[in-house]
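One structure is given here, and the rest of the page talks about it.
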Amino acid sequence: MEYRCVKCGFRIKTLFVQYSPGNIRLMKCENCRAVADEYIECEIMILLIDLILHKPQAYRHLLYNVINPETVNLEGLLWKSTIGFVLLDAYRSLLLRRSNEDLSSSMNFNSLVWLCQKMLKDVVFGNIMFLCVFLLASRFCLNMSAGVPRFKDLLLAILISSYFKIFLVAMMIWKFPSSVIFIIDLLVLSSNIVALKVITKSAMNRIVGTCFVAHAVRFFVIEGLSLRSFR
């Protein structure tokens, strides 16, 4: 397994040398001569702050030096991330529809279950379209070669970089205006752009265009199907 320098993205075989427990020496990148990954000695909170600030170094550390086959079960992480992604999207749709009269307390249990099932199906279909656009764009617009491993890397980068969706959970406790949901959508979009830039190293205009189109397709598909469900 080859790691990456968080500064320039250059491949490096090892990030540190351990002389004894708690006594390590961080390796320097052969390309930029800087410490390859200073996040190894940083608190997790510093990494989270840099991720929120959209620093490419933090994304390289997470996507290349933390999530790798030697330390993480990629297949399991991929499935867990996909399930979490879909459930949070379904909750997002529920938040947007909670003021609708069809979700009022007068609804019986069977009708509520049917609507929730329909909403989940709509979200799953919308996200399938969303991921298909990303995968097609990565093949024809971005600098990614064809192959299952590369598509898995891209899919995992998209799912992991959508971590801003977790903030939707806060809306279970506190009431926020619906505009907050769209702010979270914009943060997810910008985070996906940074992650794709790190993974593909493509031109920024192509990455922005790819992300915008994919998110637009998902939004219109889910919203269109949801409106039909609530008529």
Side-chain angles (χ1 to χ4, degrees), residues 44-56 58-59 62 80-134 155-197 204 207-231:
I44 185 64
M45 187 58 64
I46 296 177
L47 175 62
L48 293 176
I49 292 173
D50 284 354
L51 287 172
I52 293 173
L53 294 176
H54 289 9
K55 290 187 177 182
Y59 281 84
L62 181 63
K80 291 176 183 178
S81 300
T82 301
I83 293 172
F85 185 92
V86 171
L87 290 178
L88 287 172
D89 246 8
Y91 181 62
R92 173 193 174 278
S93 295
L94 183 62
L95 288 174
L96 289 175
R97 298 289 179 266
R98 65 182 177 181
S99 60
N100 191 293
E101 60 180 5
D102 291 327
L103 292 178
S104 64
S105 57
S106 60
M107 289 186 62
N108 59 53
F109 179 77
N110 291 333
S111 298
L112 183 61
V113 170
W114 181 85
L115 286 174
C116 290
Q117 290 177 343
K118 183 67 170 63
M119 184 181 298
L120 185 60
K121 291 179 182 178
D122 295 342
V123 168
V124 169
F125 181 74
N127 279 295
I128 289 175
M129 298 298 296
F130 167 75
L131 294 176
C132 285
V133 172
F134 262 120
L155 178 58
L156 191 58
I158 294 169
L159 295 174
I160 295 298
S161 62
S162 299
Y163 59 87
F164 276 106
K165 290 179 181 288
I166 296 176
F167 290 104
L168 291 170
V169 177
M171 302 184 76
M172 295 181 180
I173 305 173
W174 299 287
K175 289 185 178 181
F176 295 97
S178 59
S179 59
V180 173
I181 298 176
F182 298 106
I183 292 174
I184 292 176
D185 290 342
L186 290 176
L187 291 172
V188 171
L189 171 62
S190 60
S191 182
N192 289 160
I193 290 173
V194 178
L196 283 185
K197 180 63 177 178
M204 182 58 74
I207 294 174
V208 172
T210 297
C211 289
F212 182 80
V213 171
H215 279 268
V217 167
R218 181 179 64 85
F219 176 80
F220 286 115
V221 169
I222 293 177
E223 293 304 310
L225 292 175
S226 296
L227 288 176
R228 291 178 58 186
S229 300
F230 287 91
R231 284 179 179 176

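- What you find for Ile207 and Lys197 is that their closest heavy atoms are CD1-CA, 3.4 Å.
- Annotation: side chain of Ser93 is not in contact with side chain of Asp122 (no heavy-atom distance under 4.5 Å).
- Applying the salt bridge (charged side-chain N to carboxylate O under 4.0 Å, His left out) definition to pairs two or more places apart or across chains, those involving residues 83-94 are Asp89-Lys165, Asp89-Arg218, Arg92-Asp185, Arg92-Glu223.
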Is there a side chain to side chain contact (heavy atoms under 4.5 Å, CB included) between Phe134 and Leu196 once you walk through the steps? CA-CA 10 Å; Phe134 262 120; Leu196 283 185; 3.3 Å; yes
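- Annotation: side chain of Ile193 is in contact with side chain of Met204 (closest heavy-atom distance under 4.5 Å).
- A 4.5 Å side-chain heavy-atom check between Ile52 and Leu187 finds every atom pair outside the cut-off.
- Taking CD1 from Ile184 and CG from Leu95, the interatomic distance works out to 9.0 Å, rounded to the nearest 0.5 Å.
- Taking the side chain as every heavy atom from C-beta outward, Phe130 and Ile158 approach each other to under 4.5 Å.
- To the nearest 0.5 angstrom, Leu88 atom CG is 12.0 Å from Ile83 atom CD1.
- Of all the heavy atoms in Leu120 and Ala90, the pair that sits closest is CD1-CB, 3.9 Å.
- By the salt bridge (Lys or Arg N to Asp or Glu O under 4.0 Å) test, Lys121 pairs with no residue at all, sequence neighbours left out.
- Judged by distance alone, with hydrogens and angles left aside, the side-chain atoms of Ser191 form a donor-acceptor pair with the main-chain N or O of Ser161 at under 3.5 Å.
- Rounding to the nearest 0.5 Å places OG of Ser162 at 10.5 Å from CZ of Phe164.
- With values rounded to the nearest 0.5 angstrom, Asn127 atom CG is found 9.0 Å from Leu159 atom CG.
- Closest heavy-atom contact between Asp50 and Ala58: CB-CB, 3.7 Å.
- Atoms CG and CD1, from Leu186 and Ile181 in turn, are 12.5 Å apart once rounded to the nearest 0.5 Å.
- Atom-to-atom distance recorded for His215:NE2 and Thr210:OG1 is 10.5 Å, nearest 0.5 angstrom.
- For the pair Leu51/Tyr59, a side-chain contact is recorded, criterion being any heavy-atom separation below 4.5 Å from C-beta on.
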